[in-house]
Amino acid sequence: MRVTVDQDKCVGSGQCVLAAERVFDQRDEDGVVILLDAEPPAELDEDVRQAAVVCPALAIELSE
Amino acid sequence: MAAAPERVPSRIVVVGASAAGLTTVEALRRFGHDGALTLIGDEPHLPYDRPPLSKQLLDGTWEPDRLRLRAPEALDALGLDLRLGTRATALDTDRREVCLADGERVGYDALVVATGLSARRLPGTRGLAGAHVLRTLDDALALRESLRGGARLVVVGGGFVGAEAAAVARTLGAEVTLVTDEPAPLADALGAEVAGMLAGLHRAHGVRLSTGVPVREVTADAGAVTGVRLADGRLIEADAVLMGIGADPNTGWLRGSGLRLDNGVVCDATLRADDGVWAAGDIANWPAPEGGSRRVEHRTNAAEQGIAVARAVLAGPEAAVPFETVPYVWSDQYDLRLQTYGRTRGAERVRVVEGGTDQLRLVAVYGTSDRVTGIVGVNLPRRTRAYRRLLTGNAASDENAVGAGWDAVDAIAREDAAPVPQRTAG
């Protein structure tokens with residue numbers, strides 16, 4: 001799975017980090033998402049999907 | 001004849017096409033439901049997101065297309081029977097049918113109620129020009145239109161919607177007065193210290209605050225608002241009035257259905273309301289782990305419950321697991337981003353643990369005398385999240401308690417002094 005994030009849309013909720021902390025982090029100053037791994041291993045697929053769904057800003061896009 | 005096990009629903013109907021309903025249908029497909037799936041929504045628009053209504057949509061940086069929850073192609077791919085602009089008017093739980101406004105009845109094996117909330121209005125304001133609420137896209141566009149040209153806006157209510165709209169309206173050049181019977185906007189939700197900081201910020205941006213006095217009525221002439229009359233007789237003149245006085249669950253169509261309705265749809269811990277019926281989002285009222293019941297009107301809760309209900313529907317009542325969450329909400333006002341985890345309303349104790357109100361950035365911990373129940377952060381998002389673990393069961397020294405004791409707060413505060421740990425690879 002390939003992950004892209006839209007930092008302009010991100011509202012810094014950190015919900016993605018809670019769902020998949022090996023894939024997402026937040027900038028210290030404004031909480032905006034940092035993508036740690038754009039092609040995470042398959043065992044993280046479900047966590048990454050959860051992150052994309054709970055993102056309140058719809059800032060995470062996934063493609064197979 | 002062996003009856004098919006009831007817990008494999010072939011026809012699933014979701015009523016409510018906003019964040020909770022849409023997340024539910026999407027998760028149902030993702031978790032393998034390939035049978036009939038109907039999504040019914042009363043608004044004519046493709047499913048859209050609500051938090052930006054009082055933020056980027058209202059201030060004009062975003063147009064409605066940007067609020068779409070999913071692109072039209074992504075919706076198509078779900079293979080839904082999508083009924084927009086369609087109001088559900090009744091529920092027949094005996095025959096397992098949803099009745100629509102046009103008289104059609106839609107049968108279901110499993111039903112998810114996600115009809116959300118309607119904004120409250122002050123008496124006599126329906127149909128009055130210049131009297132606004134802010135719940136739907138159409139509401140937000142109408143309010144945005146009314147803020148042009150230095151209009152005089154009175155915001156009634158000191159909640160998140162009112163405070164955000166006041167900030168946006170001021171930024172757009174409107175004359176803004178915010179009226180609340182609380183000592184400050186958001187005083188109930190955030191306590192005197194943080195609410196006081198926000199009040200100062202609103203004043204500094206030129207919002208007039210009228211606190212401590214309730215509203216008596218919206219005044220009008222020739223079908224248009226002229227102002228707001230307070231309980232002490234004062235009149236505040238206005239071209240537009242925004243009523244930000246909360247919202248009520250849309251349960252009218254469920255009357256007589258046999259579902260238990262009490263501040264929403266009453267559910268069990270797995271969000272199941274009755275045989276074959278579940279609820280998700282703002283409307284679901286489920287037992288709180290700390291006792292009593294809980295209904296959460298937040299965007300992230302809608303998505304989390306949509307996923308949980310999709311799992312519960314497909315698992316069946318015996319296998320469903322209780323829904324657990326740490327409620328999260330954020331609010332943008334001017335250059336401040338405020339983030340809240342857990343419960344802060346009515347806290348007995350509030351402690352600012354990092355930053356301070358004078359810096360316009362802080363983390364504050366809320367709770368009862370002995371337990372932490374909520375966290376508020378202002379412009380410190382990453383540090384605010386660090387304290388969230390006080391609210392999950394793992395942090396509690398007492399396994400039965402929901403939040404950690406206050407002594408656990410200092411350990412997290414001390415982390416800040418140390419360098420942020422480097423993530424190890426893999």
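Proteins get letters first, then strands, A, B, ... in listed order; numbering begins at 1 in each.
The salt bridge (Lys or Arg N to Asp or Glu O under 4.0 Å) test applied to B:Arg70 returns B:Glu26, not counting sequence neighbours. When the ring pair (Phe, Tyr, Trp, His ring centres under 6.0 Å) test is applied to B:Phe160, no partner is found at least two apart in sequence or on another chain.
In terms of non-hydrogen atom pairs under 4.5 Å with chain A, the most contact-rich of B:Ile307, B:Leu380, B:Asn379, B:Asp332 is B:Ile307. Interface check for chain B: of the options A:Val54, A:Asp30, A:Val11, the most heavy-atom pairs under 4.5 Å are formed by A:Val11.
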As a quick check of understanding, evaluate side chain to side chain contact (heavy atoms under 4.5 Å, CB included) for B:Arg30 and A:Val53, giving each step before the final call. CA-CA 11 Å; B:Arg30 180 150 56 94; A:Val53 176; 3.5 Å; yes
Validation: residues 57-67 of chain B side-chain donor-acceptor distances under 3.5 Å, sequence neighbours left out:
unit_1: B:Asp59; atom_1: OD1; unit_2: B:Thr61; atom_2: N; d: 2.9
unit_1: B:Asp59; atom_1: OD1; unit_2: B:Thr61; atom_2: OG1; d: 2.8
unit_1: B:Thr61; atom_1: OG1; unit_2: B:Gln56; atom_2: O; d: 3.3
unit_1: B:Glu63; atom_1: OE1; unit_2: B:Arg144; atom_2: NH2; d: 3.0
unit_1: B:Glu63; atom_1: OE2; unit_2: B:Arg144; atom_2: NH2; d: 3.2

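Of residues 55-64 of chain A, those residues lying under 4.5 Å from chain B by any heavy-atom pair are A:Cys55, A:Pro56, A:Leu58.
No more than 12 heavy atoms of other residues, nucleotides or ligands sit less than 6.0 Å from atom CD of B:Glu324.
Distance CZ/B:Arg299 to OG/A:Ser13: 10.0 Å, rounded to 0.5 Å. To the nearest 0.5 Å, atom CD of residue A:Gln26 and atom CZ of residue B:Arg385 are 4.0 Å apart.
Within the 4.5 angstrom heavy-atom criterion, no atom of B:Arg50 approaches chain A. With a 4.5 Å cut-off on non-hydrogen atoms, B:Leu69 touches chain A through its backbone and its side chain both. Heavy-atom distances place the side chain of B:Asp49, and not its backbone, under 4.5 Å from chain A.
At distances below 3.5 Å, at least one donor-acceptor pair connects side-chain atoms of B:Gln339 with backbone N or O atoms of A:Gly12.
Looking at A:Leu18 and B:Arg388, their side chains come closer than 4.5 Å, going by heavy atoms from C-beta outward. The shortest side-chain heavy-atom distance between B:Glu304 and A:Gln15 falls under the 4.5 Å cut-off.
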